[in-house]
Structures are given as structure tokens and as C-alpha cells.
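Along the sequence shown, residues carry numbers from 1. Atoms within a ligand are numbered from 1 in the order they appear, just like the ligands themselves.
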Amino acid sequence: MDHMFDAAREAQRAWARVPLWRRAEALHKAAALLKQNKDVIAECLVKEVAKPAKDSVTEVVRSADFIDYTAEEGIRILSEGKCLVPDSFPGNERNKLCLSSRIPLGVVLAIPPFNYPVNLSVSKIAPALIAGNAVVVKPPMQGSVAALHMIQCFHLAGFPKGLISAITIKVADLGDALTTHPAINCISFTGGDSGIAIAKRAGMVPLQMELGGKDACIVLDDADLDLAAANIIKGGFSFSGQRCTAVKIVLAMDTIANKLVEKVNVKVARLSVGPPEVDSDITPVVSESSADFIEGLVMDARQKGAKLWQEYRREGNLIWPILIDNVRPDMRITWEEPFGPIIPVIRIRTIEEGVQHCNSSRYGLQGCVFTNNIHRALIVSDAMETGTVQINSAPARGPDHFPFQGLRDSGIGSQGITNSIHMMTKVKSTVINLPVSSYTMG
Ligand SMILES: NC(=O)C1=CN([C@@H]2O[C@H](COP(=O)(O)OP(=O)(O)OC[C@H]3O[C@@H](n4cnc5c(N)ncnc54)[C@H](OP(=O)(O)O)[C@@H]3O)[C@@H](O)[C@H]2O)C=CC1
Ligand SMILES: O=C(O)[C@H](O)COP(=O)(O)O
């Protein structure tokens, strides 16, 4: 590990001297190689994390587009500096010029999660590289083969040796050694609560932490219920609910709840369940421990009186999709993040009740509200204490240049291409002091 960080530091110094347009050129090359190799990388995703085949290809193509966009955005952001004059601040005359521009941080540690091993690696690697940093990636255990193939595309594109490294190791054998390594100048992490512990130990380095979510979907009495039901299905069950932005609790107003639940229920019955190779809607969740955890949440809700619209069924890590109705605050599923194909529904009497529920969660990633009244939508959006609120659509991170951030235990900092470039750079100023004040036209 020390050897890898030494190499990263050395490569970064050389990389910082590579002109910006050349860095962008190299990124475009890596993006093209990623697209060329999309099928083989997608196949790894199918095999490693059971992502449906079509979605796996989409993840790789989306990642290549992310790299291209970052190269272009980086050119724009990093080519602009600022020149400040001092006489706007009381007591000063125009006798100095402050020139500021953005500089790299050094070595960025990138830790992506299993659900997007390629895309959530690239979303850290590309902004780091365009800004002149080196990157060390710790791929998720499940998804590491896909991630290594993706990194190979950067190597084939000609990025210098040592600039991008990957370390694959069992986290249990790793302890804090990686995340507290003195050579690290920035950590960009996406994952669960392990990120909170990493952040607490990180010390004086900038952090970008995208952690868990319990995204609420508030459905008001004037909502288009077909639209809401379609988005609850898409938001709740894409990749079998293994997305931080999945709809993880539905808060439906009493007056429309029956109708909404019926519509969602009809759609649940149409979901295909099976292997990822044939593009099943619901595929096995990532591990046995994850399936056990999901099962625990379902059993707890059932035992405490919730209504399961489907019979609970599990074969190995494959769990059939379930709509859980009449959920109450004393059930674990109300507050915990299943990361599985489960949608709990709570019936609410007032909008305020829905908002209050959403704000009582320890998470604050995204949320959504369905209503045909834009004024109500905006008021609810303002009241929801989450990083993003979607109006009349399910939560989602993309398009990838949109800001993406969580409040409370959902994270620190903000993602999105522009925000990541800013986060992985620092402002450096040079002040030119003049012997006399100087004014144009004066
Ligand atoms: N907000 C967001 O954007 C996202 C949030 N998530 C959240 O992540 C969770 C599920 O993802 P999952 O991958 O299981 O999350 P984890 O937090 O378990 O793992 C995320 C990454 O961190 C690594 N990791 C864990 N502990 C350490 C450590 N001490 N040192 C170095 N690396 C470490 C993991 O490695 P390894 O795989 O080897 O254990 C993995 O690469 C859910 O809670 C979900 O909400 C997931 C995706 C996106
Ligand atoms: O962590 C996640 O699950 C992703 O950041 C969510 O991305 P998506 O909304 O594009 O699925």
C-alpha cells in the first residue's frame, strides 16, 4: 500500500504539469475505450452483482458519457481564474492584484459501493484526473472485476503508471490502514454507515461522503395516481431496490391511499423475477446477509400487524417483490433502509404528517412529492429536509451533472460533475503588490 501511494504521489506531480487540454484528451480516449468494451464490462456486472443485463450496459455507457462530460466541464472550470482588486474593501486602494485559480489536491482515495461499481468509481476518478490529481480506488468486493476492467481502460488510454491504482483487499483485513493513510489528500466515498466511521477518523482532508437514504414518496390527494404508481414501481424496484435513491417509504394521503395501493399492487404482479441474464425486473440481492436482513424487516412488519399484499417468498438471495401496507412507526421498516425489493406504505391524514415523517428520518438524501398543484409541490419541497426533492417523479441521481447530496447521515458535501471538480481542487492565490496605486482612465 505504501508503495502504491508513493507511486501515486510521484505520478501526480508529473500529471499536474500536463496541459489541461491533454488531460481532457486522455479522458476522452478512456471514455471511448470504455464504450468499446461495454459488453465485457457489463457481463462482469451481471455476474458479480446480478444487475439486469440491459441496466449493466447502461451503467457502462453512462460512465463513458460521464467521463466525456467531465473532460469538457473541467476545461471550462479550470481554465478560468479570478483577478480581484482590493479597493472594494474599506481602507484599501488599488495597489494590488489578487490572481486566483484552482489547483489539484494531490492523491484522491475513491471508494465506490457494489451497486454501481463502474459508474460510482468513474464519478470519482474522472473529476480527480481532470483536475490534476492521482487516484487510488478501493473497488467494492462485489463488483471489483468490473471495476478493474474499467480501470484498465484508463491504462490503455495511456494514463501514466501510478496515476490510477486499485487495491482489492478484504475490508476486514484492512482496518483503518487505507482510509487513514498519510498520503491521502481527499476521500470520496459512496456506501453505507461504514462511511460515517471513515469520516470520523479521516482528519484534515476534504470529504465527499454519499451514504444511505430512506427516500420518502409523498402522494397528495390531487396527484395523478397512475403517474405516482408507475414511479413508485420504478423508484422502488429498479435493481431490486438496491439504490440509495430507491423509494423506501410511501406516505399516501388517506383519501387516495386505497386507490394508489391497488394500482401499485397490479404493477407488482407484472414484475418478472429471476436471473439478471434475461433482464428480469427483480434479481437476487447482493449477498445472503443482505437477504437475511431484508427478511428480518419483512418478518418484523408482519409480526407487528402490517399487511403484506404478496406472500413472502425467497429462494437463496432472490426475494420476490412485496408491497407492505398499513406500516406504523413502531416497525423497523419505517426507519431502516432495506436495500431490497420492498415498498412500505404509511397512510397519512395531513401533508404536515408526511413532511414530519420524512424529516424525522436520520437520512436526508432525496424525496419526492406527487401532486397536480405546483404551489403545493413547492411548499412541500421546501419543507422536506433532504438534499433533493423530485416533483412528480421518483428520486434519482442523474443526469450525472445535477448536484447530488444528502443531509444528516446521508452524507457530506455534494456530487455532480461540477461539484466534484470543485471539491477535488483548492483555490490558490498569488497577490501582486504594486509600489503605487494604479487606476485605468483615472
Ligand atoms: N448515497 C449514495 O450515493 C449511495 C449509498 N449507498 C449505501 O450503501 C449501502 C450499501 O452499499 P455497500 O456497498 O454495502 O456499502 P458499504 O458501506 O458496506 O461499502 C461501500 C464501500 O466501502 C468499502 N468499505 C467498507 N468499509 C471500509 C473500510 N473500513 N475501509 C475501506 N473501505 C471500506 C466497501 O468495501 P467492501 O465491498 O470490500 O466491503 C465498499 O467498497 C446502503 O446503505 C446504501 O444506501 C450505496 C450506493 C450509493
Ligand atoms: O447510490 C446509488 O444507488 C446511486 O447513487 C443512485 O443512482 P441512480 O439514482 O442513478 O440509481
Side-chain angles (χ1 to χ4, degrees), residues 1 48-49 51 55 58-59 62-63 66 109-124 136-144 146-147 166-181 184 187-202 208-215 234-248 285-287 289-290 293-294 336-340 361-366 368 386-388 390 393-402 404-416 420:
M1 200 158 69
E48 285 186 284
V49 298
K51 185 167 278 201
D55 295 348
T58 304
E59 175 171 348
R62 172 184 182 181
S63 303
F66 187 109
L109 175 64
I111 307 184
F114 79 84
N115 64 343
Y116 282 99
V118 174
N119 183 260
L120 283 171
S121 296
V122 154
S123 70
K124 303 169 189 322
V136 169
V137 186
K138 208 299 287 162
M141 169 86 84
Q142 282 140 306
S144 53
I167 177 162
T168 52
I169 187 170
K170 245 189 178 169
V171 163
D173 295 341
L174 193 58
D176 301 337
L178 177 66
T179 52
T180 57
H181 197 284
I184 293 170
I187 301 177
S188 178
F189 174 97
T190 307
D193 281 354
S194 40
I196 297 178
I198 290 173
K200 284 189 177 149
R201 288 190 296 261
Q208 187 180 47
M209 312 298 290
E210 298 297 339
L211 311 182
K214 185 75 186 168
D215 295 7
K234 183 169 151 247
F237 293 123
S238 299
F239 195 25
S240 307
Q242 299 174 110
R243 294 163 60 235
C244 61
T245 49
V247 168
K248 295 192 184 118
V285 297
V286 71
S287 63
S289 60
S290 178
F293 176 74
I294 296 162
E336 295 181 36
E337 188 188 18
F339 238 57
S361 169
R362 76 178 174 100
Y363 298 112
L365 190 60
Q366 289 210 357
C368 59
T386 58
T388 303
Q390 304 268 351
S393 184
R397 172 166 51 107
D400 288 342
H401 65 304
F402 280 14
F404 181 56
Q405 55 280 314
L407 308 185
R408 303 189 290 283
D409 283 354
S410 287
I412 300 174
S414 180
Q415 279 193 110
S420 291

> Any N/O of T245 closer than 3.5 Å to an N/O of ligand 2?
Replying inline: yes

>> Among G191, G195, A246, S290, which one puts a heavy atom closest to atom 7 (C) of ligand 1?
In response: G191

> Any salt bridge between D55 and R62, counting N to O under 4.0 Å?
Replying inline: no

> Who's closest to atom 4 (C) of ligand 2 heavy-atom-wise, of Q415, E210, Q366, R397?
Replying inline: R397

> Would you say R62 contacts ligand 2, with heavy atoms under 4.0 Å as the rule?
Replying inline: yes

> What atoms of ligand 1 come within less than 4.0 Å of a heavy atom belonging to M141?
Replying inline: 36 (P), 37 (O), 38 (O)

> Do D215 and K248 sit within salt-bridge range, that is, some charged N less than 4.0 Å from a carboxylate O?
Replying inline: no

>> For G175, state whether at least one heavy atom is located under 4.0 Å from any atom of ligand 1.
In response: yes

>> Taking the side chain as everything from C-beta on, heavy atoms only, tell me whether F239 gets closer than 4.5 Å to Y116.
In response: no

> What do you reckon, does C244 have a nitrogen or oxygen under 3.5 Å from a nitrogen or oxygen of ligand 2?
Replying inline: yes

>> With a cutoff of 4.0 Å, is F404 in contact with ligand 2, counting heavy atoms of the residue only?
In response: yes

> So which protein heavy atom does atom 46 (C) of ligand 1 come closest to, and at what separation?
Replying inline: F339 CZ, 3.7 Å

>> Does ligand 1 come near enough to G192 that some N or O of the ligand is less than 3.5 Å from an N or O of the residue?
In response: yes

> For E337, is at least one N or O under 3.5 Å away from an N or O on ligand 1?
Replying inline: yes

> Any donor-acceptor pair under 3.5 Å linking the side chain of S361 with the backbone of Y363?
Replying inline: yes

>> Looking at ligand 1, is there an atom of it that comes within less than 4.0 Å of some heavy atom belonging to F189?
In response: yes

> For atom 34 (C) of ligand 1, what's the nearest protein heavy atom and its distance?
Replying inline: K138 NZ, 3.7 Å

